[in-house]
Number of protein chains: 2
Amino acid sequence: MADGSPKDQPVVSGQGASPPPAGNRAGTPRPTSRDVARAAGVSQATVSLVLGEKWHGRVSERTAGLVRDAARQLGYRPNLAARNLRLGRTRTALLVVPALTNEFFARVYTGAATVAAEHDFGVVLYPSPEGVGPAKDPFASARAALDGVIASSMAAQALTAIRGTDLPLVMLDSDPADPGAAARVNLDIADGMRQMSAHLLALGHRRFLHLASAVSSWTFDVRARALAASLRDVPDAVVRTVPAPLDVAGAREAVERALTRPGPRPTAIVCDDDILAAGACKAVRRLGLRVPEDISVTGFDDLALATAVEPELTTVSLPAERVGARGMSALLAVLEGRPPEEGDLPVELVVRGSSAPARAG
Amino acid sequence: MADGSPKDQPVVSGQGASPPPAGNRAGTPRPTSRDVARAAGVSQATVSLVLGEKWHGRVSERTAGLVRDAARQLGYRPNLAARNLRLGRTRTALLVVPALTNEFFARVYTGAATVAAEHDFGVVLYPSPEGVGPAKDPFASARAALDGVIASSMAAQALTAIRGTDLPLVMLDSDPADPGAAARVNLDIADGMRQMSAHLLALGHRRFLHLASAVSSWTFDVRARALAASLRDVPDAVVRTVPAPLDVAGAREAVERALTRPGPRPTAIVCDDDILAAGACKAVRRLGLRVPEDISVTGFDDLALATAVEPELTTVSLPAERVGARGMSALLAVLEGRPPEEGDLPVELVVRGSSAPARAG
DNA sequence: CGACCGAGGTTTTACGTATAACGTCTCCAG
DNA sequence: CTGGAGACGTTATACGTAAAACCTCGGTCG
């Protein structure tokens with residue numbers, strides 16, 4: 001079949017045999033499935049069947065082998081643009097997050113990418129405009145053709161553009177009330193904050209400073225509400241809220257200002273975030289006080305930072321990778337018409353060195 | 001203009017007027033350029049010309065307006081898969097990095113994505129296998145069709161797969177000796193380490209512990225060589241090298257072991273990385289010593305971590321965003337046949353609180 | 001012996017876009 | 001009144017793949 005005929009000679013472009021092991025010099029156009037077909041002595045359709053693993057019972061073992069060999073020889077890789085066009089699906093999801101330099105979102109990405117890879121999916125990122133400059137349109141920026149979107153509620157600006165689309169949308173850590181999401185993956189933030197306040201109350205703390213994120217977002221609102229709710233029934237508990245930008249220096253300044261104001265000093269600083277907590281610790285020490293002996297400081301997120309500083313932070317550990325993984329799983333479920341998994345992801349209080357019993361008086 | 005003629009009625013699919021502002025329900029297939037053409041009463045080619053901004057002198061202003069209106073009405077977005085197939089280019093680059101949870105690489109990505117967005121390019125990530133699980137083939141994982149690759153030399157494993165390709169490759173922070181890169185973006189790491197050792201020598205330090213990364217890579221080799229070279233001419237200088245994993249806990253353990261060995265204690269610990277330095281600080285204090293009074297500790301990279309810990313780290317500031325930005329610019333240059341910008345990016349010693357004069361004796 | 005069947009392919013088509021090649025109509029100079 | 005020459009579009013085609021529909025041929029069964 002494949003031998004004897006004079007037409008079986010593979011048509012090489014010119015001077016000498018090209019080196020079989022892939023080493024394509026630029027200028028040589030990439031081999032297509034038709035080139036593979038020619039080299040294997042079969043039709044292009046057969047190549048597609050074999051390489052797509054759809055050939056069982058339709059193509060002989062022998063022919064399939066020939067095709068695979070030819071593909072390997074030529075270093076064939078399918079043209080994804082063509083494949084995507086043909087199939088009308090791209091197996092690619094867009095992940096919209098505020099900024100990757102925030103370790104939490106880097107971990108969310110990692111989780112999403114891991115699950116995606118297991119299902120032969122790709123993840124392309126859109127760090128929304130606060131992070132990266134001029135691109136207004138997520139879809140222009142993420143130049144890939146997309147099957148769906150996973151978006152953090154913190155990337156509010158980008159969300160409106162996405163809503164104008166028929167793409168399935170999975171929301172991360174977002175208000176269950178707002179509509180338009182095909183699925184939702186939330187952390188049990190309120191429970192985390194409840195555990196934290198219970199921990200501090202048990203240590204005898206009653207005067208709290210709540211160092212809150214200046215950027216408003218659902219997750220941060222939940223923290224504030226849960227803290228307030230926890231303290232509502234404690235007679236002598238008092239909490240003051242101070243907003244701060246999400247960086248160490250800004251947090252430090254905000255806390256320094258707050259602590260030098262007249263009136264009774266808080267004995268514990270509850271922070272919305274580990275970064276804020278790191279800043280709070282620095283502020284406390286700048287004022288000549290000690291953490292945790294004079295003032296306890298607690299974080300939220302359990303980033304690498306939490307165990308890098310001293311004392312190590314008492315914080316609420318959030319399963320960031322699981323958020324991303326579950327977000328991707330939910331999107332896959334939606335795309336396949338299955339119901340996505342329900343229920344909030346649990347969080348966990350981690351007690352370390354930055355919290356201690358309140359000083360008497 | 002648009003009214004009066006009975007044919008001006010837009011052809012809507014059926015029951016009642018569909019809400020013009022985009023709200024596509026799922027099930028309705030996305031409008032194509034042909035749909036826009038039909039709605040505007042022109043041919044598909046004209047739509048392509050107008051929306052591609054290639055129409056000046058070939059299409060009247062009036063017609064162009066009609067096309068744009070129709071496109072807006074239908075919420076038309078071009079099918080990128082089709083466009084990519086047609087053009088044979090995708091305006092998408094692959095960025096290969098070891099792990100995004102490392103702030104340095106998150107910043108590299110940010111820089112690359114910013115420049116890409118300015119040139120209407122996309123960036124898709126491949127966090128190489130040490131970071132994410134089962135995907136062996138970068139091209140299978142990054143499901144996009146690609147125009148080029150930007151790769152950190154730290155993602156060694158993925159590089160071999162990429163080399164078998166004719167895609168233009170820009171290497172980041174890599175050995176100038178190894179071949180196969182169309183362009184290269186390097187930091188002047190050696191100069192950074194020279195500045196650092198000069199700083200410490202000026203403070204009177206002579207006995208050094210070099211806390212090196214356990215993962216081997218060109219950037220880390222350069223640090224070691226530059227440190228050794230700097231100390232070569234200093235008569236009484238002595239340096240011992242200890243490898244450590246790139247996390248705080250591992251670094252702490254490595255340093256604790258090193259410092260409890262018999263023999264004269266180093267007065268300065270030079271770390272390959274801020275994360276290692278944070279661990280080193282913790283080790284020093286665990287042994288009852290102080291930073292910087294008893295032992296100076298220095299980092300490398302100038303991550304957010306460097307100013308979050310106490311004392312703040314003396315370190316070498318690396319322009320991570322610029323690395324990414326320049327990598328992307330270089331790739332664009334290569335793709336357009338222009339020569340990429342040459343020369344290493346400068347780095348800067350930042351003196352903070354973790355380094356101090358060596359204790360006498 | 002004719003109809004049917006399965007094995008092992010091949011031919012053909014469609015996906016949506018960009019653009020080269022090709023009309024058509026009007027206006028104006030020779 | 002003929003022959004360009006713009007101005008303004010249209011028709012036709014190709015990109016590479018997946019898969020539906022279709023062939024061919026030897027054997028089998030009624």
Side-chain angles (χ1 to χ4, degrees), chain A residues 1-2 5 7 28-68 70-71 74-91 120 139 143-147, chain B residues 29-68 70-71 74-91 120 139-140 143-147:
Chain A
M1 314 247 174
S5 153
K7 285 193 59 188
T28 314
R30 250 174 58 181
T32 72
S33 61
R34 209 179 312 273
D35 296 328
V36 175
R38 217 176 342 249
V42 300
S43 74
Q44 178 267 331
T46 303
V47 173
S48 186
L49 286 173
V50 170
L51 300 182
E53 292 299 336
K54 300 218 154 61
W55 58 280
H56 300 276
R58 309 176 39 71
V59 177
S60 69
E61 293 279 357
R62 196 181 98 84
T63 306
L66 289 177
V67 168
R68 276 192 290 256
L74 298 177
Y76 170 72
R77 284 180 301 123
N79 180 320
L80 289 178
R83 189 208 294 260
N84 289 341
L85 173 59
R86 175 68 235 253
L87 295 178
R89 296 159 314 144
T90 60
R91 303 189 81 75
D120 199 28
F139 300 108
R143 286 199 45 88
L146 303 171
D147 279 356
Chain B
R30 251 175 55 181
T32 71
S33 60
R34 210 179 312 274
D35 296 327
V36 175
R38 212 170 352 243
V42 300
S43 75
Q44 179 266 331
T46 302
V47 172
S48 186
L49 287 174
V50 169
L51 299 182
E53 292 300 335
K54 299 215 155 64
W55 58 281
H56 299 275
R58 307 172 46 67
V59 177
S60 69
E61 293 278 357
R62 196 182 97 86
T63 306
L66 288 177
V67 168
R68 275 192 291 253
L74 297 177
Y76 170 73
R77 284 180 300 124
N79 181 320
L80 288 177
R83 185 206 297 253
N84 289 342
L85 174 58
R86 174 68 233 256
L87 294 178
R89 297 159 314 144
T90 61
R91 303 190 80 75
D120 200 28
F139 301 106
R143 286 198 45 87
L146 304 171
D147 279 357

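Treat the numbers as computed from the prediction; the structure is a model and nothing was measured. Naming: A, B, ... by sequence-line order, numbering from 1 per chain. Hydrogens, waters and symmetry mates are skipped; everything else that's a heavy atom, side chains included, is used.
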Between the protein and nucleotides 20-27 of chain D, which nitrogen or oxygen pairs are less than 3.5 angstrom apart?
none

Check: residues 44-57 of chain A side-chain donor-acceptor pairs under 3.5 Å, at least two apart:
{"from": "A/Gln44", "atom 1": "NE2", "to": "A/Ser33", "atom 2": "OG", "distance (Å)": "3.4"}
{"from": "A/Thr46", "atom 1": "OG1", "to": "A/Ser43", "atom 2": "OG", "distance (Å)": "3.2"}

Could you go over nucleotides 15-17 of chain C and give all protein N or O partners under 3.5 Å, atom names and distances?
{"from": "C/dT17", "atom 1": "OP1", "to": "B/Tyr76", "atom 2": "OH", "distance (Å)": "2.4"}
{"from": "C/dT17", "atom 1": "OP1", "to": "B/Asn79", "atom 2": "N", "distance (Å)": "3.2"}
{"from": "C/dT17", "atom 1": "OP2", "to": "B/Ser33", "atom 2": "N", "distance (Å)": "2.5"}
{"from": "C/dT17", "atom 1": "OP2", "to": "B/Ser33", "atom 2": "OG", "distance (Å)": "2.7"}

To the nearest angstrom, the CG-C1' distance between A/Asp35 and D/dC15 comes to 13 Å

For B/Arg143 and A/Asn84 the tightest heavy-atom approach is NH2-OD1, 3.9 Å

To the nearest 0.5 Å, atom OG1 of A/Thr90 lies from atom CG of A/Leu80 at 10.0 Å

Among the nucleotides C/dT19, D/dG9, C/dT10, whichever has the atom closest to the side chain of A/Val42 is C/dT10

Notebook entry, point to check: Does the distance from a Lys or Arg side-chain N to an Asp or Glu carboxylate O, for A/Asp35 and A/Arg30, drop under 4.0 Å?
Noted result: no

Here the distance between atom C1' of C/dG9 and atom CG of A/Leu66, to the nearest Å, is 13 Å

Sorted by chain and number, sequence neighbours left out, side-chain hydrogen bond (donor to acceptor under 3.5 Å, both in side chains) with A/Thr63 holds for A/Ser60

| task | For A/Val47, report the nucleic acid contact type (base, sugar-phosphate, nothing); a contact means any heavy atom under 4.0 Å. | result | nothing

Residue set satisfying side chain to side chain contact (heavy atoms under 4.5 Å, CB included) with B/Ala82, at least two apart, ordered chain then number -> A/Leu85, B/Asn79

OH of A/Tyr76 to CZ of A/Arg68, rounded to nearest 0.5 Å, is 14.5 Å

* What is the nucleic acid contact for A/Ser60, judged by heavy atoms within less than 4.0 Å: base, sugar-phosphate only, or nothing? -> sugar-phosphate

In whole angstroms, the gap separating C1' of D/dC15 from CG of A/Asn84 amounts to 14 Å

With sequence neighbours left out, the residues meeting salt bridge (charged side-chain N to carboxylate O under 4.0 Å, His left out) with A/Asp147 are none

Output for pair (B/Arg91 CZ, B/Arg83 CZ), nearest 0.5 Å, gives 9.5 Å

Here the distance between atom C1' of C/dA20 and atom NZ of B/Lys54, to the nearest Å, is 14 Å

Using a heavy-atom cut-off of under 4.0 Å over every strand shown, decide if B/Thr46 touches base, sugar-phosphate, or nothing. base

Rounded to whole Å, the CZ-P distance (A/Arg38 to C/dT10) equals 14 Å

Here the distance between atom C1' of D/dG9 and atom CZ of B/Arg62, to the nearest Å, is 13 Å

